[in-house]
Amino acid sequence: MTTPAHRRSYGVKGAPYAFLLPATILFCLFFALPIGYALWLSFRKVHVSGLGLGSGARHEVWAGFQNYTAALTDDELLGGALHVLGYGCIVVPVMLGLALLFALMLDADKVRLAPFTRLAIFLPYAIPGVVAALLWGFLYLPDVSPFYFVLAKLGLPQPDLLDGGPLYLALSNIAVWGGTGFNMIVIYTALQAIPAEVYEAAELDGATPLQVALRIKIPMVAPSLVLTFFFSIIATLQVYNEPTTLKPLTNSLPTTWSPLMKVYQDAFGKGDIYAAAAEATLIAFVTLVLSFGFLRAANRRNKQEAAR
């Protein structure tokens with residue numbers, strides 16, 4: 001026989017699960033279920049009987065790993081992966097380097113207008129990626145860009161940023177402009193958490209501001225640098241908005257420039273949702289492996305430093 005005290009005890013123990021239930025339902029409906037369905041589709045294909053006319057002429061059958069084999073040997077998907085690799089080699093180091101530099105400058109003792117400067121650096125992150133790509137896209141167009149007008153008046157060369165090699169710089173500039181502020185805030189917050197006694201001890205030992213930054217601040221915000229690097233890698237692998245938005249402005253951007261653009265083209269351009277599901281699964285798998293491997297390496301390094 002349960003007493004009121006027992007019922008209250010059960011109610012207290014079950015309260016956390018009751019609070020988690022809405023989030024769990026939403027997670028299953030809008031995250032786990034779509035992933036499972038995409039994984040299921042990646043092992044299917046359409047079998048066409050005869051001329052493909054009439055009811056029952058087209059039906060789904062089990063395809064095994066055929067979609068994955070086709071994706072791994074697809075030149076467009078592999079080419080998109082190379083594009084993203086080159087793009088990431090520019091975006092990640094430049095964006096994190098600027099974020100660290102801005103955070104260190106804002107953390108200096110004699111900085112002026114720090115709140116306004118923080119807001120000005122962070123503000124581009126608040127602009128949606130599509131809007132940012134449109135803004136920069138028109139600035140890249142020679143016919144409407146004020147930059148090209150100034151260069152022409154000065155008699156300087158006017159490079160086409162939407163063609164050839166400069167295209168990587170144009171795309172990377174949009175990502176760096178929009179993402180530096182977020183990473184700067186993360187690093188700056190970590191700098192603010194460093195105890196003031198550490199700086200006082202360094203000053204008593206005669207350390208210069210540059211030595212404090214290099215030997216104290218940067219090592220102590222290493223976990224934040226790891227976190228921002230992790231987020232930047234994931235964002236780079238999932239680049240889609242910038243090239244898709246700039247595509248109507250230039251002929252140098254194919255519809256399959258990045259892996260996600262290839263997935264979209266196969267799913268909605270060619271109507272092959274099965275191949276697109278396999279490609280999306282491969283992209284998710286690569287992202288998971290790289291993220292897990294990087295975090296394992298970072299944790300191992302932190303443990304080795306702690307052991308010293």
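Along the sequence shown, residues are numbered consecutively beginning with 1. Scope of the values below: all heavy atoms of this structure, side chains included, with no hydrogens, waters or symmetry mates.
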(message) Quick check: closest heavy atoms across Ala278 and Asn67, and the distance to 0.1 Å?
(response) CB-CB, 3.6 Å
(request) Calculate, to the nearest 0.5 Å, the distance between atoms CE and CG belonging to Met95 and Asn183 respectively. (result) 5.0 Å
(message) I need the Met261 CE to Lys247 NZ distance, nearest 0.5 Å.
(response) 7.5 Å
(request) Provide the closest heavy-atom pair for Ser252 versus Asp163 in the form atom of the first, atom of the second, distance. (result) OG-OD1, 2.6 Å
(message) When you group the ILVMFWY residues by side-chain heavy-atom contacts below 4.5 Å and let the links chain together, are Tyr37 and Phe27 in the same group?
(response) no
(request) Could you tell me the separation between the CD atom of Glu203 and the OG1 atom of Thr208, rounded to the nearest 0.5 Å? (result) 11.0 Å
(message) What I want to check is whether the side chains of Ser42 and Tyr68 have a donor and an acceptor closer together than 3.5 Å.
(response) yes
(request) Measure the CG-CG distance between Leu141 and Leu249 for me, rounded to the nearest 0.5 Å. (result) 5.0 Å
(message) For Trp177 and Ile127: C-alpha separation, side-chain torsions, deciding distance, then whether side chain to side chain contact (heavy atoms under 4.5 Å, CB included) applies.
(response) CA-CA 10 Å; Trp177 181 78; Ile127 299 177; 3.6 Å; yes
(request) Among Thr255, Leu78, Ile283, Leu77, find the residue that satisfies the side chain to side chain contact (heavy atoms under 4.5 Å, CB included) test when tested with Lys262. (result) Leu77
(message) If you count every heavy atom of other residues, nucleotides or ligands that lies below 6.0 Å from Phe43 atom CZ, does the total exceed 12?
(response) yes
(request) Establish whether Val94 and Leu101 are linked, either directly or via other cluster members, by ILVMFWY side-chain heavy-atom contacts under 4.5 Å. (result) yes
(message) Same cluster or not: Tyr140 versus Leu151, using hydrophobic residues (I, L, V, M, F, W, Y) connected whenever any side-chain heavy atoms lie under 4.5 Å apart?
(response) no
(message) So Ile233 and Phe294, do their side chains get closer than 4.5 Å, heavy atoms only?
(response) no
(request) Count the heavy atoms belonging to other residues, nucleotides or ligands that lie under 6.0 Å from CG of Asp205, then report whether that count exceeds 12. (result) yes
(message) Using side-chain heavy atoms (C-beta onward) and a distance below 4.5 Å, is Tyr240 in contact with Val263?
(response) no
(message) Could you tell me if the side chain of Leu139 sits less than 4.5 Å from the side chain of Pro146, heavy atoms only?
(response) yes
(message) For Phe138, is the CZ atom crowded, meaning more than 12 foreign heavy atoms sit under 6.0 Å from it?
(response) no
(request) Determine the minimum heavy-atom distance between Arg118 and Met184, stating which atoms define it. (result) O-CE, 3.9 Å
(request) Take Ile174 and Leu246, measure what side chain to side chain contact (heavy atoms under 4.5 Å, CB included) needs, and give me the verdict at the end. (result) CA-CA 11 Å; Ile174 300 174; Leu246 294 182; 3.9 Å; yes
(message) How close do Ala152 and Gln158 get, counting heavy atoms only, and between which atoms?
(response) CB-NE2, 3.3 Å
(message) Which label fits His83 and Trp257: parallel for a plane angle under 30°, tilted from 30 to 60°, or perpendicular past 60°?
(response) parallel
(message) Side-chain heavy atoms under 4.5 Å apart, restricted to Ile/Leu/Val/Met/Phe/Trp/Tyr: what other residues fall into the cluster of Leu210, or is it alone?
(response) Leu100, Leu104, Ile187, Leu191, Ile194, Val198, Tyr199, Val212, Leu214, Ile216, Ile218, Met220, Val221, Leu225
(request) Indicate yes or no: at least one non-hydrogen side-chain atom of Tyr148 is less than 4.5 angstrom from one of Asp143. (result) no
(message) Donor-acceptor check, side chain of Ser258 to backbone of Val239, threshold 3.5 angstrom: yes or no?
(response) yes
(message) Would you compute the distance between atom OH of Tyr274 and atom CD of Gln66 and round it to the nearest 0.5 angstrom?
(response) 13.5 Å
(message) Through direct or indirect side-chain contacts below 4.5 angstrom among Ile, Leu, Val, Met, Phe, Trp and Tyr, which residues connect to Leu29?
(response) Leu21, Ile25, Leu26, Phe30
(message) Can you tell me how far apart CZ (Phe182) and CZ (Phe231) are? Round to the nearest 0.5 Å.
(response) 6.0 Å
(message) Run Ser172 and Tyr87 through side chain to side chain contact (heavy atoms under 4.5 Å, CB included) and show every step you take.
(response) CA-CA 6 Å; Ser172 302; Tyr87 169 84; 3.8 Å; yes
(request) Provide the closest heavy-atom pair for Leu162 versus Leu167 in the form atom of the first, atom of the second, distance. (result) CA-CD1, 4.0 Å
(message) Set out, in order, the CA-CA distance, both residues' side-chain angles and the distance that settles side chain to side chain contact (heavy atoms under 4.5 Å, CB included) for Ile234 and Ser291, then state yes or no.
(response) CA-CA 8 Å; Ile234 294 178; Ser291 303; 3.8 Å; yes
(message) Under 4.5 Å between side-chain heavy atoms, counting indirect links through other Ile/Leu/Val/Met/Phe/Trp/Tyr residues: same cluster for Trp62 and Leu41 or not?
(response) yes
(request) Spell out, yes or no, whether Leu290 and Val92 are grouped together once hydrophobic residues are joined by side-chain heavy atoms under 4.5 Å, including indirect joins. (result) yes
(message) Can you give me the closest heavy-atom contact between Pro219 and Ala213, atom names plus distance?
(response) CD-O, 4.4 Å
(request) Return yes when atom CZ of Phe122 has more than 12 non-hydrogen atoms of other residues, nucleotides or ligands closer than 6.0 Å, and no otherwise. (result) yes
